[in-house]
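Heads up: the structure comes next, in structure tokens.
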Amino acid sequence: RAAEGGMRDALSLLDQAISFSEESVTMEDALTVTGSVSQNLLNRLATAILNKDVASALETVGELLSHGKDPVRFIEDFILYYRDMLLYKAAPNLEETFERVMLDAEFQELAEKITSSQIYQLIDILNKTQQEMRWTNHPRIFLEVAIVKLTQTEAKEESGSTSAEVGQLIAKVNQLEKELKFLKENGSVIQQESVQAAQPKTQQRSNRKGFQAPVGRINEILKHATKPDLQQIKGQWGQLIAKLVQNQMRSQAALLNDAEPVAASQESVIIKFKYEIHCQMAMENSRFVEAISHTLYELTNNTMSIVGVPEDQWLSIRESFIHDQQSDPDQTNEQQEEEPFIAEAKKLFGSELVEIKD
């Protein structure tokens, strides 16, 4: 197990054990070479945990660490120890499947005293500690905290809890039977009352408003928007997101993953968000708006205001703006430049079939 299945590594460990020992290789020699913990110490620690003896448990751990044992390796050995104990309680005859222990009298006595539910709790605590220890420079602290937690676990009475759960289920079934019988007898009346009660709730829900884009401000920006300004923003959109991430604003940058600039002037930019909730989160966060404005200034040397709009609202706002501008004789230079193409398209396909998009 220490060689993880590699024959060459196993032979190397054996050679180290031979060099470490004097006349014959003992179990303690092998454990020392591989950095594992002897079963006697594991039994002693498990006994202290079962007896809720915090002082004895910490003393045993301190003895292990003073001998140069690796806390991470010790946690792994202790998990395997309880794993073997759980298997022993479930199938005592499958000794060949044990990973860590030998069936000595002390181990068997401990297995008889501890319940399976307790073992599950202990393994869960040890497993979480093992994961936490991978990302710390002070594994000993996590190990000692875990030992204290192990001594404070409360045993669950399996038979009592099971009978209590069965009793609760029976009570719930009886209650459901009564409710079903009542519904059969009074179903039509209840259904009518439920519909009447649901109507004001539905009306109330429909009256709730989500994020509403500032239509007037968007229309003013569109009047002065130009394609070169928009192309400039689009060309530097990736750099903007990268700068936000670089400035430790990952959550703000994440809101822009499904967003894009759709119109821009020298002073303003309209950002379309795919989801309304993302648009609301962005526009109601003053730090987010300031960060985008500041980053755009660094990229374009222009101080620009930011306006957000959800995708579904943007389509209707833009369509309404185009319709109003087409009916208005005072058109901007940009619209006059685009008009010949639009006019030609309407001649070919008819105005009712032409839809103008970016």
Side-chain angles (χ1 to χ4, degrees), residues 1-2 4 27-28 30-32 34-165:
R1 184 172 62 83
E4 298 181 352
M27 175 67 72
E28 291 298 326
L31 292 173
T32 302
T34 59
S36 300
V37 182
S38 67
Q39 185 164 325
N40 291 333
L41 287 174
L42 290 177
N43 286 339
R44 192 202 309 175
L45 182 57
T47 302
I49 290 173
L50 183 62
N51 296 332
K52 301 188 182 303
D53 188 350
V54 179
S56 179
L58 291 176
E59 182 181 351
T60 304
V61 171
E63 181 181 344
L64 289 169
L65 298 179
S66 66
H67 291 163
K69 301 297 182 183
D70 181 21
V72 179
R73 184 61 181 272
F74 166 72
I75 284 284
E76 181 181 351
D77 285 342
F78 211 22
I79 291 175
L80 291 173
Y81 176 87
Y82 279 119
R83 175 259 188 196
D84 290 346
M85 184 177 289
L86 188 63
L87 290 181
Y88 173 74
K89 292 180 67 68
N93 298 326
L94 296 179
E95 185 177 351
E96 67 276 3
T97 63
F98 293 170
E99 288 278 352
R100 183 63 182 80
V101 303
M102 295 179 293
L103 288 180
D104 55 19
E106 189 175 2
F107 176 81
Q108 293 176 342
E109 183 180 354
L110 280 170
E112 294 297 329
K113 293 180 180 179
I114 194 170
T115 64
S116 297
S117 61
Q118 283 180 285
I119 298 177
Y120 287 128
Q121 288 179 276
L122 298 175
I123 291 177
D124 183 57
I125 294 173
L126 290 170
N127 183 57
K128 291 179 180 178
T129 303
Q130 185 184 40
Q131 295 175 358
E132 293 170 348
M133 289 170 67
R134 294 174 180 173
W135 311 106
T136 181
N137 294 325
H138 306 282
R140 176 168 183 161
I141 297 177
F142 282 88
L143 175 58
E144 292 173 341
V145 171
I147 295 301
V148 174
K149 285 184 179 179
L150 294 176
T151 58
Q152 294 176 349
T153 55
E154 297 294 335
K156 295 182 179 179
E157 297 182 3
E158 296 178 344
S159 59
S161 61
T162 302
S163 60
E165 291 175 358

For [X] versus [Y], what's the shortest heavy-atom pair and its separation?
X: A146; Y: T129; value: CB-OG1, 3.3 Å
X: Q152; Y: K52; value: C-NZ, 4.3 Å
X: L65; Y: P71; value: CD2-CG, 3.8 Å

Should T47 and E109 count as side-chain neighbours, where that means a heavy-atom distance under 4.5 Å?
no
Begin with the C-alpha distance, continue with both residues' side-chain angles, and end with the deciding distance and a verdict on side-chain contact (heavy atoms from CB on, under 4.5 Å) for Y82 and L42.
-> CA-CA 10 Å; Y82 279 119; L42 290 177; over 6 Å; no
Measuring from [X]:[atom1] to [Y]:[atom2], what's the distance to the nearest 0.5 Å?
X: Q108; Y: N43; atom1: CD; atom2: CG; value: 10.5 Å
X: Y81; Y: L86; atom1: OH; atom2: CG; value: 13.0 Å
X: I79; Y: E76; atom1: CD1; atom2: CD; value: 7.5 Å
X: F78; Y: L45; atom1: CZ; atom2: CG; value: 4.0 Å
X: R134; Y: I75; atom1: CZ; atom2: CD1; value: 11.5 Å
X: K149; Y: L122; atom1: NZ; atom2: CG; value: 13.0 Å

Using the side-chain contact (heavy atoms from CB on, under 4.5 Å) rule, take L150 and I147 through it: C-alpha gap first, then chi angles, then the decisive distance, then the call.
CA-CA 5 Å; L150 294 176; I147 295 301; 4.1 Å; yes
| Just by distance, do the side chain of K89 and the backbone of T115 share a donor-acceptor pair under 3.5 Å? | no
Under 3.5 Å donor-acceptor, N127 side chain and I123 backbone: no
Donor-acceptor pairs are to be reported for all side-chain atoms of residues 54-63 against protein atoms at under 3.5 Å, with residues two or more places apart or in another chain.
residue: T60; atom: OG1; partner: S56; partner atom: O; Å: 2.9
residue: E63; atom: OE1; partner: R44; partner atom: NH1; Å: 2.9

